[in-house]
Novice: 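Shown below is the structure under consideration.
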Amino acid sequence: IFRENPDVTHVVHLADPFPHSALQAVPREKDVPKAGMIEALLEQLLKLKQKGGFVPHFSYASSYEVYPYASDANINPLTETQTLSTPSSLRGATKIIDETLAKLYFDEHGIYSVGLRFFSVYGPWSVP
């Protein structure tokens, strides 16, 4: 894509940004379309950087499901600095993997990205 479109300035990866009750995250498997897309995009951005090209801004969808499930309506608001050790779903666990990969590509290769933790907007503190 970048070779054919050198004027690309932004890449936005919104695959599966919202929760769907009928869909669950699948294990990361090679050659499975849902698995590994963020890795493929980060790898393409790295190749572009290694060739000396302009690296587009990269944004991707994460999820509120990276946070532990909050059953208490009187909880404090969630924060970006909250520890992400126990996600509320399997999908949340895969989003933590995506965020970890993005951070590693920044730490090791300087590939900057922004992860957007989408929330549903209902319920106390906007947590369903």
Side-chain angles (χ1 to χ4, degrees):
I1 289 176
F2 301 120
R3 186 176 30 220
E4 296 169 8
N5 302 288
D7 56 342
V8 171
T9 60
H10 293 75
V11 175
V12 180
H13 175 48
L14 296 178
D16 190 31
F18 303 104
H20 307 284
S21 59
L23 299 175
Q24 287 293 318
V26 295
R28 303 269 180 197
E29 297 176 15
K30 186 177 180 184
D31 300 325
V32 175
K34 182 170 169 55
M37 183 52 70
I38 195 167
E39 297 95 331
L41 288 168
L42 288 166
E43 197 60 29
Q44 289 302 311
L45 293 172
L46 176 59
K47 287 179 183 179
L48 190 61
K49 180 178 181 178
Q50 289 171 338
K51 291 180 180 178
F54 171 77
V55 179
H57 299 276
F58 179 52
S59 300
Y60 63 93
S62 187
S63 171
Y64 70 90
E65 293 177 77
V66 298
Y67 297 107
Y69 179 70
S71 59
D72 182 0
N74 295 317
I75 62 167
N76 292 326
L78 300 172
T79 65
E80 291 178 354
T81 57
Q82 188 169 344
T83 302
L84 303 178
S85 59
T86 310
S88 60
S89 68
L90 178 60
R91 182 173 174 275
T94 66
K95 294 297 184 177
I96 289 175
I97 292 169
D98 289 349
E99 291 185 20
T100 301
L101 285 168
K103 182 176 181 335
L104 287 170
Y105 269 80
F106 176 73
D107 290 346
E108 294 183 15
H109 307 292
I111 303 296
Y112 181 78
S113 62
V114 175
L116 306 169
R117 292 181 181 162
F118 291 107
F119 278 73
S120 298
V121 288
Y122 66 90
W125 298 106
S126 299
V127 178

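The analysis underlying the following values was restricted to heavy atoms, covering all of them including side chains, and did not include hydrogens, waters or symmetry mates.
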Novice: Which pair of non-hydrogen atoms, one from Phe118 and one from Ala61, has the smallest distance, and what is that distance?
Specialist: CE1-CB, 3.7 Å
Novice: Students often mix this up, so state it plainly: with edges at 30° and 60°, are the rings of His109 and Tyr105 parallel, tilted or perpendicular?
Specialist: tilted
Novice: How many angstroms lie between CG in Leu116 and NE2 in His13, if you round to the nearest 0.5 Å?
Specialist: 11.5 Å
Novice: Ignoring hydrogens, what is the shortest heavy-atom contact between Pro56 and Val8? Give both atom names and the distance.
Specialist: CG-O, 3.7 Å
Novice: For the OH atom on Tyr112, are there more than 12 heavy atoms of other groups (residues, nucleotides or ligands in this structure) within a distance under 6.0 Å?
Specialist: no
Novice: Report the residues that fulfil side-chain hydrogen bond (donor to acceptor under 3.5 Å, both in side chains) with Lys103, sequence neighbours left out, ordered by chain and then residue number.
Specialist: Asp107
Novice: How far does CZ of Phe106 sit from CG of Leu42, to the nearest 0.5 angstrom?
Specialist: 12.5 Å
Novice: Out of curiosity, Lys95 NZ to Ser63 OG, how far, rounded to the nearest 0.5 Å?
Specialist: 7.0 Å
Novice: Do you know which two heavy atoms are closest between Glu65 and Ser89, and how far apart they sit?
Specialist: OE1-OG, 2.5 Å
Novice: At what distance, to the nearest 0.5 angstrom, does CD of Gln44 lie from CD1 of Ile111?
Specialist: 11.0 Å
Novice: Out of Val12, Ile38, Val114, which residue meets the side-chain contact (heavy atoms from CB on, under 4.5 Å) rule with Phe58?
Specialist: Ile38
Novice: To the nearest 0.5 Å, what is the distance between CD on Glu43 and CD on Glu39?
Specialist: 10.0 Å
Novice: Once you round to the nearest 0.5 Å, how far does OG of Ser113 lie from CG of Leu45?
Specialist: 9.0 Å
